[in-house]
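Take a look at the structure set out below.
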Amino acid sequence: MKSAFDLSEAEMRSYGYKIVDYIVNHYANIEEETPVTAASREEMDAVFLTEAPEKDSKPEEVLDFVLQNVIPNCNLTMHPKMYSFVPGPSNFISAMSDSIATGLNIFSGGWMVSPAAAELEIVTMNWLLKIFNFPVKKGGGIFTSGGSMANLTALVTARRIKCGDDFSKAIIYLSDQAHSSNIKAIRVLGFKKEQIRILPTDVDFKLSINKLKNEIAKDRLLGLQPFCFIASAGTTNTGSIDPLNEIADICEEENIWFHIDGAYGGAAILSKKGERLLGGIERADSLTVDPHKWFYQPYEIGCLLVKDASWLSNTFSEKPEYLRDIEGNESEINFYDYGIQLTRRFRALKFYMSIKTYGLEKFRSAITYNIKLAENVEKILRKSKKWEIISPATLAIINFRYHPIDLDLTEKQLDVLNQKISKRVMDSKKALLVTTILNGQVVLRMCLINAKTSIEDVRETLLLCTNFAAEILKEAN
Ligand SMILES: Cc1ncc(COP(=O)(O)O)c(C=O)c1O
């Protein structure tokens, strides 16, 4: 029977080929595209705001409208000159794999519905467990929509395993550089403000161990229950890594759950340097990594790994009568038992296909290249008398500001100047280089995890910045 949604085979083919051509053009010519866009709500409303149409339209007309109006009004997160936030470099194989997963609407919740989808999640999870030196037999994990959901899933698990139903005295610790998704997760879980300890970081933006020890001791004296520490393995601001081994020692001594948020930085373990810097990551009870960041995957794929897979099933497994027919045997994992979602898209497919196609070696060399690139940018900046490094290249992030030594500018003037430089770069639409605040100073933050970004791209962007700086200073005089 034909449904109301069916197109003819010829229509589907021409529609699909047009989309594939568009995507291929994007991958093949991204350097020539304009990475940045900006539009106000009014401007976007003027283009898009309509009532839901009662009547149909020709498929290609809607497609053309979308390609002409939607895409140009979205920033290109894969562009080599996207330096801000954590860019999304992606890769073509995974993009195509995602279209298979969505095209066939494969359900990745229960074993019986899609055994191969569950198997690929088990297989790719084993790859990740091995990469991070987690126990492959006992350990486990799950793909999530991203790092935020992985952190939330970790904290739900930590609380269930360490506190059971009574968490009224539970205390959770993290540094002032931990990602905001952790605080969000803590709030979602219903912890009160008094149950959260946000600890200061040292000059390198790493957790200060002595402060942690003092806080735990104080809380024990008050009869409270220190139950979880969230470390960062690659903070979003600077890429700094908390002292993982020292924190692991404390967590073991104190019977505290050790969660590591390695959403952005974890992937660096595939490089020699990253492996050294991330020493101790294998001692976590739970670890967030985020393949849609530095594993070059398209959105949305995050991941949570745990030392003991039964922690996840003990936390999330529910056995409603309407799912009893799809319960397999114990080895046949139903991923809806490992996390929050029941219906889940087939995220493992893109991870599987891209690793199978490119091999880990290509990922290792891309990550090694990105780390080296950040170090080379640091060298360029250090050679110039115009730039000041605020935090050195760490796991492909570097923070700096325009601060010519021959100009006598106050901190306030430097803040305004660097904020303006960032704004003008954005307005030029040639690159995205936004600011963050470190030690109270406005700084330009560059996150260099795109394997297509060349040192020439960075040089051009720095030149753009210095030209704008000259312009701004001239205007002020
Ligand atoms: C360290 C860290 N943790 C968690 C997240 C949140 O991840 P997502 O945006 O995938 O939810 C980010 C995002 O940048 C991050 O850098």
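Atoms within each ligand, like the ligands themselves, are counted from 1 in listed order. Just so you know, these numbers use all the heavy atoms, side chains as well, and skip hydrogens, waters and symmetry mates. Start at 1 with the first residue, then count along the sequence.
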Please determine if E388 and R382 form a salt bridge, counting it only when a charged side-chain N lies under 4.0 Å from a carboxylate O. no
shortest atom 11 (O) of ligand 1-to-protein heavy-atom contact is with S148 OG, 2.5 Å
- Message: Assess, by modelled atom type and distance only, whether the side chains of T368 and S365 contain a donor and an acceptor separated by less than 3.5 Å.
- Response: no
Atom 3 (N) of ligand 1 has as its nearest protein heavy atom D261 OD2, 2.7 Å
Thinking salt bridges, do E300 and K350 make one under a 4.0 Å N-O criterion? no
Ligand 1 atoms nearer than 4.0 angstrom to some heavy atom of D290 are 7 (O), 8 (P), 10 (O)
>> On the six-membered ring of F468, is K420 placed so that its NZ or CZ lies under 6.0 angstrom from the centre and within 45° of the ring axis?
In response: no
So the atoms of ligand 1 within less than 4.0 Å of a heavy atom of H292 turn out to be 10 (O)
Atom 14 (O) of ligand 1 sits nearest the protein heavy atom K293 CE, 3.2 Å
| request: Please verify whether a non-hydrogen atom of S181 lies at under 4.0 Å from ligand 1. | output: yes
Could you tell me whether ligand 1 has any atom less than 4.0 Å away from a heavy atom of E300? no
Could you tell me if R345 sits above the aromatic ring of F107, with its cationic atom closer than 6.0 Å to the ring centre and no more than 45 degrees from the axis?
no
Of I301, I230, T236, N182, the residue with the heavy atom nearest atom 16 (O) of ligand 1 is T236
min-distance protein heavy atom vs atom 15 (C) of ligand 1 -> H179 CD2, 3.3 Å
G147 to ligand 1: N or O pair under 3.5 Å? yes
The answer for which part of N151 has a heavy atom under 4.0 Å from ligand 1 is side chain
task = Determine, for E31 against K81, whether the closest basic-nitrogen to carboxylate-oxygen distance falls under 4.0 angstrom.
result = no
Legend entry - Cationic N near anionic O, under 4.0 Å, E411 to R401: yes
Is R347 close enough and on-axis enough to F143, meaning under 6.0 Å and within 45°, for cation-pi? no
